[in-house]
Amino acid sequence: MIKFDFNTYVNSFIDENDYKTLMNRKEEVLDKFNNSTMTGWTKEISEELKNDLKNTAKSIKNSFDCLVVIGIGGSFLGSYAFDKMFRSYYNDSKFEIIYAGTTLSSKYLDELVEYLKDKNFCLNVISKSGSTMETTITYKVLKDLLKRKYPEELNSHIIVTTDKNKGPLREEVNKEGYKSFEIPNDIGGRYSFITPAHLLPLAINYDLDAIVKGYYKGKRLLDQAYEYAVIRNCLFDKRKFVENYCVYEENMSYFTEWLKQLYGESEGKNGLGIYPTSTVHTRDLHSLGQFIQEGNKIIFETFIKVTNSPNYVDYNGRELHEINNLVLDSVMRAHFSGNVPCLEIELDEMNIENITSLMYFFMLGAAFSGYLFGIDPFDQPGVEVYKKEVREALK
Ligand code: PA5
């Protein structure tokens, strides 16, 4: 179950007329959304694809020591964020998955090659364009290692997830005959959680049906997602230009990275948008907490609370998780008193259904918010600018 409180610590900051005007734009926004060609992520995926993903995941698990997933941005954050939330902090017994391709650090890649030298590993290279620099470089280095280790069986160690028809990776698949999956044309990177880009790595350790079911259950949160977009927009009008996502579980730290990409890339255009950032509590209360409480009043916060935890830790007769949430409630009151609006999203448990529904909710919110700002929430022309500079510099 997911509950939303966009009132208690928010209402006094919102202009009533502003709120009503934006709420009245719902039909217009939904119309744009429903007519967009980039909402493939709202469509159900086929049983055939689910079976292919399950069978491939099973064979990876049975045939290899570990899977190396190569991808960045929207081809990385969804499955990494999810996986991080559902693994144990220590003594994790799940199948090993290594995420690579997010850095050009030679120290990192050199150490990874050394680590993989004696492992029987499989590569899943993920890139919609098939030409992203970090992905391409990492893939080349690790493929060279595979070629040295398995000159005769290279094909069985490589799985490619990319565009159906175009790009260098699709050309390579066509030439070499690697096993491959498609990222549909009507789904952009940051909205691609429900594609093989994320579902294949996740199908190895998690119940794929539960992930898919939970994700589509997020559809029921459309009204709340629209209201969330409206509230954010009202707060922007009150010069609240930064949204801080606050989590109270360390393993949710990459969930907020996923959120940062989703909102940053969807909204940050035409000199507009709300800058998304995040804090992990209580750790960051001892650092950024000072700024939020007393610094420049450009911030509002969205707290993600998890009501129940399966892990019981006694502290002088009190349950530690209850204390963690008591701190969350106190922090919201304190920050509110410091002129910081605080929105709250409450999950009764951190389970697959809640998390995947929440992802769907946030994707709807990002799309609606973009339309309220009058920008296209599905493109990211700004990301290309640095890529072009790098290409020029590398010539
Ligand atoms: O959201 C996006 O489109 C980007 O963040 C991309 O996902 C990222 O740049 C990686 O692109 P690709 O999947 O083409 O390698």
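In listed order, ligands and their atoms are each counted from 1. Model, not experiment: these values are computed from the prediction.
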* When you measure from the side chain of Lys94 to the backbone N and O of Asp83, does any donor-acceptor pair fall under 3.5 Å? -> no
* Is any side-chain heavy atom of Phe76 less than 4.5 Å from a side-chain heavy atom of Thr135? -> no
* Asked: Is the Lys NZ or Arg CZ of Arg232 less than 6.0 Å from the centre of Phe236's six-membered ring, within 45° of the axis?
  -> no
* Hey, is the main chain of Lys143 close enough, under 3.5 Å, to the side chain of His157 for a donor-acceptor pair? -> no
* Asked: Between Lys140 and Asp144, does at least one N-O distance fall below 4.0 Å, as a salt bridge requires?
  -> yes
* Asked: What pairs with Lys54 under side chain to side chain contact (heavy atoms under 4.5 Å, CB included), at least two apart in sequence or on another chain?
  -> Asn51, Leu208, Asp209
* Below 4.0 Å from any atom of ligand 1, which residues have a heavy atom? Give them in chain and number order, please. => Ile72, Gly73, Gly74, Ser75, Ser127, Lys128, Ser129, Thr132, Gly189, Arg190, Gln261, Glu265, Gln380, Lys387
